[in-house]
A.B. asks: 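Pasting in a structure now, in structure tokens, and then I'll have a few things to ask.
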Amino acid sequence: MQVEIWPLVIAVFGASVLGSMHCAGMCGAFLAIAVTPGERAISASLLQGAYHLGRLITYTVLGAIAGLVGSAVDLAGSAAGVARAAAVGAGVMMIGFGAVAALRHYGVRVRTLSVPKFLQRTVAKGHRLVMDKPPMLRSLTIGLLTTLLPCGWLYAFAITAAGTGRPATGALTMMVFWLGTLPVLVTLGMGLSRASGALRRRMPL
């Protein structure tokens with residue numbers, strides 16, 4: 001059974017746009033670093049483009065991998081007589097995400113999983129390595145590393161991509177997610193790039 005593409009695209013894009021303020025809060029600091037040209041006079045638009053291109057690349061790869069995992073789950077489910085096992089599993093996980101979010105909203109303390117130390121070290125090391133690199137390379141690399149950040153919102157869409165059970169559709173899911181985050185993040189990046197003087201120099205900090 002194939003996934004209906006347009007309902008999926010519309011749902012993912014709508015959810016991404018509505019929740020993109022979370023992305024501004026989560027990625028705002030990294031975006032501030034990405035759009036700061038440093039000593040070289042580089043257009044803020046070019047720096048933003050490099051940053052978002054990096055995000056697009058890793059989101060698309062993540063979506064394809066998730067879809068591949070989903071296809072393996074579907075194959076195993078078919079052998080056990082369970083149809084669309086990936087979609088069922090993704091649905092259960094999404095319900096779990098929603099239940100946890102609702103509990104937290106009403107003040108119930110729910111234990112969260114800590115970010116693996118190796119992942120923290122990888123992101124931190126990657127950022128340190130590119131801080132003194134040319135601005136375009138720095139912005140692109142920071143965008144590429146975005147997928148490694150611990151972000152439940154991002155993981156929710158990765159789970160959706162896995163639920164499609166197809167690498168190509170999983171990649172498309174994450175591309176649409178990326179597209180939905182652009183309006184808020186581009187607007188934020190424009191505001192950060194237009195800050196001037198001491199404010200602009202201190203913004204990345």
Side-chain angles (χ1 to χ4, degrees), residues 8-9 11-13 15-17 19-36 42 44-72 86 90 93-94 97 113-189 192 204:
L8 174 69
V9 167
V12 169
F13 181 76
S16 178
V17 170
S20 57
M21 287 303 295
H22 171 85
C23 299
M26 188 76 181
C27 300
F30 300 104
L31 180 58
I33 297 170
V35 300
T36 301
I42 304 292
S45 297
L46 289 176
L47 293 175
Q48 272 223 73
Y51 171 74
H52 292 302
L53 175 62
R55 293 175 58 237
L56 174 61
I57 291 170
T58 49
Y59 284 178
T60 303
V61 171
L62 174 62
I65 293 172
L68 184 62
V69 170
S71 68
M93 294 182 72
M94 292 296 285
F97 265 66
L113 297 175
S114 61
V115 181
K117 294 293 184 182
F118 81 90
L119 194 56
Q120 297 181 40
R121 289 194 296 268
T122 299
V123 175
K125 184 178 181 180
H127 284 159
R128 285 196 300 269
L129 286 174
V130 299
M131 288 308 294
D132 296 326
K133 300 299 181 183
M136 289 292 288
L137 176 60
R138 182 191 64 212
S139 298
L140 176 65
T141 305
I142 291 174
L144 289 169
L145 290 172
T146 298
T147 306
L148 299 179
L149 296 172
C151 175
W153 185 239
L154 170 62
Y155 299 157
F157 286 91
I159 290 170
T160 302
T164 67
R166 298 168 66 89
T169 311
L172 175 64
T173 298
M174 295 306 294
M175 290 173 68
V176 173
F177 164 68
W178 169 85
L179 187 63
T181 66
L182 283 183
V184 163
L185 288 179
V186 168
T187 302
L188 175 62
L192 293 171

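Note that the structure is predicted; figures quoted are calculated from it, not measured.
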A.B. asks: Taking all atoms of both residues into account, what is the closest heavy-atom pair of A161 and G170, and its distance?
C.D. replies: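 In this case the closest contact between A161 and G170 is CB-O, 3.6 Å.
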A.B. asks: Any donor and acceptor pair, going by atom type alone, linking the side chain of T141 with main-chain N or O of L137 inside 3.5 Å?
C.D. replies: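 Confirmed, T141 side chain pairs with L137 backbone.
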A.B. asks: Between Q48 and L31, is there a side-chain heavy-atom distance shorter than 4.5 Å?
C.D. replies: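 Yes, at least one pair of side-chain atoms sits under 4.5 Å.
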A.B. asks: Would you indicate whether M93, at its atom CE, is surrounded by more than 12 heavy atoms from other residues, nucleotides or ligands within a distance under 6.0 Å?
C.D. replies: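 It does not: M93 CE has 12 such atoms or fewer within range.
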A.B. asks: Mind listing the closest non-hydrogen atom pair of A32 and T36 along with its distance?
C.D. replies: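 Looking at all heavy atoms of both residues, the shortest contact is O-OG1, 2.6 Å.
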A.B. asks: Can you give me the closest heavy-atom contact between S139 and A34, atom names plus distance?
C.D. replies: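 Closest approach of S139 to A34, heavy atoms only: OG-O, 2.5 Å.
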A.B. asks: To the nearest 0.5 Å, how far apart are CG in L144 and CG in L53?
C.D. replies: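 L144 atom CG to L53 atom CG measures 7.5 Å (nearest 0.5 Å).
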A.B. asks: Return the OG1 to CG distance between T173 and L8, rounded to the nearest 0.5 Å.
C.D. replies: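 Atom-to-atom, T173:OG1 and L8:CG are 4.0 Å apart.
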A.B. asks: As an exercise, state the distance from NE2 of H22 to SG of C27, rounded to the nearest 0.5 Å.
C.D. replies: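 The distance works out to 7.5 Å.
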A.B. asks: Quick check: closest heavy atoms across A162 and A86, and the distance to 0.1 Å?
C.D. replies: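 Closest heavy-atom pair between A162 and A86: O-CB, 3.6 Å.
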A.B. asks: What distance do H127 atom NE2 and L145 atom CG have between them, rounded to the nearest 0.5 Å?
C.D. replies: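 Interatomic distance, H127 NE2 to L145 CG, rounded to 0.5 Å: 4.5 Å.
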A.B. asks: With side-chain contact (heavy atoms from CB on, under 4.5 Å) as the criterion, how do I33 and M131 come out once you've worked through the C-alpha distance, each side chain's angles and the decisive distance to 0.1 Å?
C.D. replies: CA-CA 9 Å; I33 297 170; M131 288 308 294; 3.8 Å; yes
A.B. asks: Would T164 and T169 count as having a side-chain donor-acceptor pair, cut-off 3.5 Å?
C.D. replies: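 Judged by distance alone, the side chains do not pair up.
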A.B. asks: Show the nearest heavy-atom pair for residues A158 and A66, with the distance to one decimal.
C.D. replies: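 The answer is O-CB, 3.5 Å.
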A.B. asks: Between T60 and M175, does the side-chain contact (heavy atoms from CB on, under 4.5 Å) criterion hold? Intermediate values first, please.
C.D. replies: CA-CA 6 Å; T60 303; M175 290 173 68; 3.2 Å; yes
A.B. asks: Given F177, which partner from the list F13, F157, Y155 fulfils the ring pair (Phe, Tyr, Trp, His ring centres under 6.0 Å) test?
C.D. replies: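 Only one option passes, and that is F157.
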A.B. asks: Would you say T181 and R55 are linked by a side-chain donor-acceptor pair, where the criterion is simply a distance under 3.5 Å?
C.D. replies: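 There is such a pair between these side chains.
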A.B. asks: Going from CG on L188 to SG on C23, what distance comes out if it is rounded to the nearest 0.5 angstrom?
C.D. replies: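 Result: 11.0 Å between the selected atoms.
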A.B. asks: Looking at CG of L154 and CG of L62, how far apart are the two atoms once the value is rounded to the nearest 0.5 Å?
C.D. replies: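 With rounding to 0.5 Å, CG (L154) is 6.0 Å from CG (L62).
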A.B. asks: Name the one of F30, W178, Y51 that satisfies side-chain contact (heavy atoms from CB on, under 4.5 Å) with T146?
C.D. replies: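 Exactly one pass, corresponding to Y51.
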A.B. asks: Are any of the side-chain heavy atoms of H52 and V186 separated by less than 4.5 Å?
C.D. replies: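 With C-beta onward as the side chain, the pair touches.
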A.B. asks: Ignoring hydrogens, what is the shortest heavy-atom contact between K133 and R138? Give both atom names and the distance.
C.D. replies: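 Heavy-atom minimum between the residues: O-CB, 4.3 Å.
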A.B. asks: So V130 and L140, do their side chains get closer than 4.5 Å, heavy atoms only?
C.D. replies: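 When only atoms from C-beta onward are counted, V130 and L140 do not touch, as no gap falls below 4.5 Å.
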A.B. asks: Just jot down the side-chain contact (heavy atoms from CB on, under 4.5 Å) partners of M136, sequence neighbours excluded, or say none.
C.D. replies: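 M136: side-chain contact (heavy atoms from CB on, under 4.5 Å) contacts with I42, L46, L47, A50.
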